[in-house]
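Heads up: the structure comes next, in structure tokens.
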Amino acid sequence: MIRRWSTGDAGFVGALDALLHFDHSTDDAIELTVAEILGRVRAEGDAAVLEYTRRFDHLEAAALAELELPASQLREALDHLPAAQRSALEAAAQRVTSYHERQKLESWSFTEADGTRLGQKVTSLDRVGLYVPGGKAAYPSSVLMNALPAKVAGVGELIMVVPTPRGEKNALVLAAACLAGVDRVFTIGGAQAVAALAYGTQTIPQVDKIVGPGNAYVAAAKRRVFGTVGIDMVAGPSEVLIIADGSANPDWVAIDLFAQAEHDELAQAILLSPDADFITQVAASIERLLPAMPRREVIAASLKGRGALIQVADLDEACSLANRIAPEHLELALDDPAPLVDKIRHAGALFIGHYASESLGDYCAGPNHVLPTSRSARFSSPLGVYDFQKRSSVIEVSVAGAQTLGPIAATLAHGEGLAAHARAAELRIKP
């Protein structure tokens, strides 16, 4: 079911690169559809959003305002959750908030001897749009992970869009929105919701940034509106890489591979281990445990298509490979993982030790579960408070400072052939 390799196999590097490759491009039909939707929403506003909502979600409304949920409905969803669900949701929200509080950037400045003051001013975004998948495929954890950092950052208004096909609402998603302090919720989805947030309509105000996961149409729309607004990322399929030795429990490792593979058929789950016998045990656990999994067909397709069990020469080689793979999630299922932590340079999130299952990070450990995929951990980071704050440079120049800085700026400006730049600096130099 799942390929088994050794790093010593002929052609291993090429085969691994092929396994890791994921094409983010969408087919022409999706691109054409999304371009049409964005264009119509930009030109027609509410009317186009309503038409597409009727067409795709089979949800009728005479006006877009009818598709905005009142705050009382969100509160009602929270108040009527089963006690265990509410307690779990509140505990997760508290932990996520506590973690992200530590990420807040602060303004700073320093004053030079001549009185010139230089610094950085940190401000939050005014308005952010949050896209949340809806219907049966609903993820309250995504609401918490996207909304809470924005609120901690001080975002002025958070607008959530969530499709409700045929009016089907998910109580946990609405409860999470209430708990996270989402300001407005509209029951719209798809590329039309992204367009409404990006361009603004008669009812929905334009946001500064759009975050949150979605299908291929949502991803294509986010790519196209980038520049008009900011976006978090265009995420690929979910990934886990596990580095394990013989001290790990093969059943635990197999289930952790399943936990990523069950997302969808394109998800990726890879094991690296120097212990051939342990790899054999994990392969046996996969065969034995898979039939009991409710999403066994999806898991099997994922493991067969993009999974691998790879024998490495040693743990140093495992770290080198991990840095090449740059996975979204990296588990160090080792008795002594500490020596490896400093050797890992590229991973969205590190899970250290036998008890740190990736699923804890998905829901309640505290760090964000919105992570870079498709090897983008080489140059990007998890979603955080810093994604909802921006920095402005502060330059306050004293009279004395102008005498020092002016000649430097004027000389460089003349060198670039920009006479007005040079003159602006020179005018402030005392004769």
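Source: prediction; values computed, not measured. In this chain, residues are counted from 1 in sequence order.
Looking at Asn368 and Pro149, their side chains come closer than 4.5 Å, going by heavy atoms from C-beta outward. Taking the side chain as every heavy atom from C-beta outward, Leu38 and Tyr199 approach each other to under 4.5 Å. The side-chain heavy atoms of Glu36 and Tyr52, taken from C-beta on, include a pair separated by under 4.5 Å. The side-chain heavy atoms of Val207 and Leu125, taken from C-beta on, include no pair separated by under 4.5 Å. Inter-residue side-chain proximity for Ile2 and Leu271 is flagged as unmet; no heavy-atom pair is nearer than 4.5 Å. Contact check for Ile395 versus Leu118: side-chain heavy atoms found under the 4.5 Å cut-off. Counting heavy atoms from C-beta outward, Asp57 and Thr187 have side chains that stay 4.5 Å or more apart. Contact of the Leu50 side chain with the Leu67 side chain is registered, since non-hydrogen atoms from C-beta on lie closer than 4.5 Å.
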>> Could you go through Ser302 and Asp264, starting from their C-alpha distance and side-chain angles, then the distance that decides it, and tell me whether this counts as side chain to side chain contact (heavy atoms under 4.5 Å, CB included)?
In response: CA-CA 7 Å; Ser302 169; Asp264 62 63; over 6 Å; no
> Going through the distances and angles, do Arg223 and Val34 end up as a side chain to side chain contact (heavy atoms under 4.5 Å, CB included)?
Replying inline: CA-CA 10 Å; Arg223 275 197 298 268; Val34 168; over 6 Å; no
>> Between Asp183 and Arg127, is the salt bridge (Lys or Arg N to Asp or Glu O under 4.0 Å) condition met? List the steps.
In response: CA-CA 10 Å; Asp183 298 286; Arg127 185 181 290 122; over 6 Å; no
> So Tyr217 and Ile30, side chain to side chain contact (heavy atoms under 4.5 Å, CB included) or not? Walk me through it.
Replying inline: CA-CA 6 Å; Tyr217 292 89; Ile30 290 177; 3.7 Å; yes
> Between Ile255 and Met293, does a side chain to side chain contact (heavy atoms under 4.5 Å, CB included) hold up when you go through it step by step?
Replying inline: CA-CA 10 Å; Ile255 290 294; Met293 293 291 105; 4.0 Å; yes
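Between atom CD1 of residue Ile242 and atom CG of residue Leu257 there is a gap of 4.0 Å, rounded to the nearest 0.5 Å. Atom CZ in Arg375 sits 10.5 Å away from atom CG in Asn323 (nearest 0.5 Å). Atom CG in Leu197 sits 13.0 Å away from atom CD1 in Ile231 (nearest 0.5 Å). The CZ atom of Arg391 lies 10.0 Å from the OG1 atom of Thr123; values are rounded to the nearest 0.5 Å. Atom CZ of Arg42 sits about 13.5 Å away from atom OG1 of Thr201, to the nearest 0.5 Å. Note that the CG atom of Leu16 and the CG atom of Asp9 stand 11.5 Å from one another [nearest 0.5 Å].
The aromatic rings of Phe351 and His329 sit tilted, their planes meeting at an angle between 30° and 60°.
Counted within 6.0 Å of CG on Asp28, heavy atoms from surrounding residues, nucleotides or ligands total 12 or fewer; the atom is thus considered open. Within 6.0 Å of atom NE2 in His421, 12 or fewer heavy atoms from other residues, nucleotides or ligands are found, so the atom counts as exposed in its surroundings. Within a 6.0 Å radius of CZ in Phe226, other residues, nucleotides and ligands contribute 12 heavy atoms or fewer. Within 6.0 Å of the CD atom in Gln120, the count of heavy atoms belonging to other residues, nucleotides or ligands exceeds 12.
Side chain of Gln206 to main chain of Ala198: a donor-acceptor pair is present (N/O by atom type, distance under 3.5 Å, no hydrogens or angles). Put simply, the side chain of Gln268 never gets that close to the backbone of Glu239: no donor and acceptor are under 3.5 Å apart. Counting only distance, with no hydrogens or angles, the side chain of Arg54 and the backbone of Glu60 share no donor-acceptor pair below 3.5 Å. Side-chain N or O atoms of Lys121 include none that pairs as donor or acceptor with a backbone N or O of Ser109 at under 3.5 Å. With Glu331 contributing its side chain and Glu358 its backbone, the two residues share a donor-acceptor pair below 3.5 Å. Looking only at distances, no side-chain donor or acceptor of Ser374 sits under 3.5 Å from a matching main-chain atom of Ser376. Looking only at distances, no side-chain donor or acceptor of Asp46 sits under 3.5 Å from a matching main-chain atom of Leu64. Under the 3.5 Å distance criterion, the side-chain polar atoms of Asp17 are left unmatched by any main-chain donor or acceptor of Gly14. Judged purely by atom type and a 3.5 angstrom limit, Gln85 has no side-chain atom pairing as donor or acceptor with the backbone of Leu172. Looking at Lys343, its side chain never comes within 3.5 Å of a backbone N or O of Leu315 through a donor-acceptor pair.
Using a 3.5 Å distance cut-off with no hydrogens or angles, the side chains of Ser238 and Gln260 do pair a donor with an acceptor. Remark: the Ser357 side chain and the Asp256 side chain contain no N/O donor-acceptor pair separated by less than 3.5 Å. A donor and an acceptor atom, one from each side chain of Ser247 and Asp245, are located under 3.5 Å apart.
Taking each heavy atom of Ala196 and Val41 in turn, the nearest pair found is N-CG1, 3.7 Å. In this structure, Trp5 and Arg3 approach most closely via the heavy-atom pair CZ2-CD, 3.2 Å. Pairing each heavy atom of Gly212 with each of Asp232, the nearest pair is N-OD2, 2.9 Å. Scanning both residues, Ala248 and Val253, for their nearest heavy atoms gives CB-CG2, 4.1 Å. Taking both residues in full, the closest heavy atoms of Pro372 and Pro382 are given as CD-N, 4.0 Å, listed atom of the first, atom of the second, then distance. Between Ala244 and Ser273 the shortest heavy-atom distance is O-OG, 2.8 Å.
For residues 356-388, no residue pair satisfies the ring-ring contact (aromatic ring centres under 6.0 Å, His included) rule, not counting sequence neighbours. Applying the ring-ring contact (aromatic ring centres under 6.0 Å, His included) definition to pairs two or more places apart or across chains, none involves residues 77-100.
Checking each of Thr7, Asp316, Ile243, Val312 against Pro274 for a side-chain contact (heavy atoms from CB on, under 4.5 Å) leaves exactly one that passes, namely Val312.
Listed by chain and residue number, Ser285, Ile286, Leu289 satisfy the side-chain contact (heavy atoms from CB on, under 4.5 Å) test with Ala254 (two or more places apart in sequence, or in another chain).
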